[in-house]
Protein chains: 2
Amino acid sequence: MLRASLSAQRYDVRTVNDPEEAVRVFEDWNPDLVITDLMMPGMSGVEICRAIRRQASIPILVLSVRDQEHTKVEALDAGADDYVTKPFSIQELLARVRAHLRRAPERVGDSAIQVGDFLVDPAAHSVAVAGRPVHLTPKEFDLLLLFARNAGKVLTHRVLLTAVWGAQSAQQPEYLRVFIGQLRKKLQGDAHKEYIQTEPWVGYRFLPEGAAA
Amino acid sequence: MLRASLSAQRYDVRTVNDPEEAVRVFEDWNPDLVITDLMMPGMSGVEICRAIRRQASIPILVLSVRDQEHTKVEALDAGADDYVTKPFSIQELLARVRAHLRRAPERVGDSAIQVGDFLVDPAAHSVAVAGRPVHLTPKEFDLLLLFARNAGKVLTHRVLLTAVWGAQSAQQPEYLRVFIGQLRKKLQGDAHKEYIQTEPWVGYRFLPEGAAA
DNA sequence: GCGATTCGTAAAGATTCTGTTGCGATACGC
DNA sequence: GCGTATCGCAACAGAATCTTTACGAATCGC
């Protein structure tokens, strides 16, 4: 029924019945949005959220009969963007889908980013600076990815912290100081370039071209 | 109660009671997320969504006692990103807030302003005068941004002070004197132009084209 | 003209932020 | 089970910014 309604709105829809098929279709097809049930044979919806989040940043909409608080919180914190309790109105669901897709064009895809001296590949979790491969830990990588996607702009402490460490850590700028330091050290290499500028009281700015140190 | 819960999570919260105050606080303060009731005296939540969408792309979360399908659809299509029906669980609301803020860095929206000799870019926190980049501290930048957005108009002391230092500092014109002086010094460069004019007993006027000194 | 208020400028003091280091806890692979 | 890599967290010196004060010059009302 859901499928029919979505198709009627001229969305291109694929339905799957088990997690394995989901993974396969997901990788082959690169959807713009995922709607999943919390109860799936073999893998919970929460695990699905996490699995998708590792690969892509598309909106995830979770459906469930369960209306319990902690279930919702868990799913949302695992990366879901919305949680709709059954039974739900089709019109509402379509409106929510529209709302999430409205944001879609603003989202940078998960393809590799090349800016300035940098090549950042989210899929491979690899980074190269001026041709030289650099090994980054997951948190360092998240940080750099965010910078690469917003090259030239100042990212505030709060934005960086919420994106990498979660909203509850938004008041801990110590983390940032430490990881910015590590990133600078790893990125610098031989060239005496300064890739990450400090904007005191505000945040940091990433210059992929580098600035004379 | 909502305010207390959000503050407890160390969010910086402002509560308003009517649409006019909402607009004022919104413009002065530039929040990262808005939570609004659908029922407000004087302006419907739907209108609020539209009004905010015209200016910014931050997430809007609508609360309401109304659980009717067409109400939800209307709000979501008007620009709301989420619709939560009362009574709701605080934990769920907090989780939804986290989910929306997680997306925040992808929406660094404000576009640069170009007027006269000036290029002011809020996203990059950068300023250039006649092509020459100028470094400004945060307070200086806020001040210049306000001027750039109101080029040619006289901004009163009170307006400037409340915008940059907050309402409680509206009676401290010393701040202004000091910072206007610093701005003039930094902006002037070689060209002997006067960009900020004093309007005695009233305030200051910004002329992006510059006037002969 | 004269007093009162405001304005411009400089500098010192206080405050907050930043970069760095180090250590223990935890998770992971072998 | 063990070693390694990563993360969270605290402490510190140093830097950048903000606040406050002071004083001469300019402006206004009378």
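Order of the sequence lines fixes the chain letters, A, B, ..., with proteins taken first and strands second; residue numbering starts at 1 for each chain. The model shown is predicted, which means the values in this text are computed figures rather than measured ones.
- For the residue pair A/R184/A/T198, the side-chain donor-acceptor check at 3.5 Å is satisfied.
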Candidate pair A/H100 and A/D81, rule side-chain hydrogen bond (donor to acceptor under 3.5 Å, both in side chains), full reasoning
CA-CA 8 Å; A/H100 287 297; A/D81 290 287; 5.4 Å; no
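- Contact annotation: B/H135 does not reach the phosphate of D/dA16 (side-chain N/O to OP1 or OP2, under 4.0 Å).
- For the pair B/E174 CD and C/dA12 C1', the interatomic distance rounds to 16 Å; values are reported in whole Å.
- Taking atom CD1 on A/I180 and atom C1' on C/dG19, their separation rounds to 11 Å, with Å as the unit.
- When the C1' atom of C/dA10 is taken as reference, atom OH of B/Y175 falls 18 Å away, rounded to whole Å.
- Put simply, CG on A/L183 is 12 Å from P on C/dG19, counting in whole angstrom units.
- One interatomic measurement links the two molecules: CD of B/Q172 to P of C/dT6, which rounds to 14 Å at whole-angstrom precision.
- Between B/E21 and B/T15, the shortest heavy-atom contact is OE2-O, 4.1 Å.
- The residue A/P138 sits close only to the backbone: its heavy atoms come under 4.0 Å of sugar-phosphate atoms, none of a base.
- The separation between B/I196 atom CD1 and C/dC7 atom C1' is 14 Å, rounded to whole Å.
- Within the nucleic acid shown, A/Y204 comes within 4.0 Å of sugar-phosphate atoms alone, with no base atom in reach, counting heavy atoms only.
- The ring of A/F179 has its center closer than 6.0 angstrom to the ring center of A/W165.
- Between A/W165 and the phosphate of D/dG8, there is a side-chain N or O to OP1/OP2 separation shorter than 4.0 Å.
- Aromatic ring pairs are classed by plane angle as parallel below 30°, tilted from 30° to 60° and perpendicular above 60°; the pair B/F206 and B/Y195 is tilted.
- Nearest nucleotide to the A/T137 side chain, out of D/dT19, D/dT6, D/dT21: D/dT6.
- More than 12 heavy atoms of other shown residues, nucleotides or ligands fall within 6.0 angstrom of atom NZ in A/K86.
- Both B/V202 and B/V178 lie close to DNA chain C; mapped to their nearest nucleotides by heavy-atom distance, the more 5′-ward contact belongs to B/V202.
- At most 12 non-hydrogen atoms from other residues, nucleotides or ligands lie less than 6.0 angstrom from CZ of B/R158.
- For the pair A/Q182 CD and C/dG22 C1', the computed distance is 12 Å after rounding to whole Å.
- Backbone-only engagement by A/F179 is indicated by non-hydrogen atom pairs under 4.0 Å involving sugar-phosphate atoms exclusively.
- Between the C1' atom of C/dT21 and the CZ atom of A/R184 lies a distance of 16 Å, rounded to the nearest Å.
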List the protein contact pattern of nucleotides 25-30 of chain D with one symbol per nucleotide (5' to 3'): B for base contact, S for sugar-phosphate-only contact, - for none; contact means a heavy-atom distance under 4.0 Å.
---S--
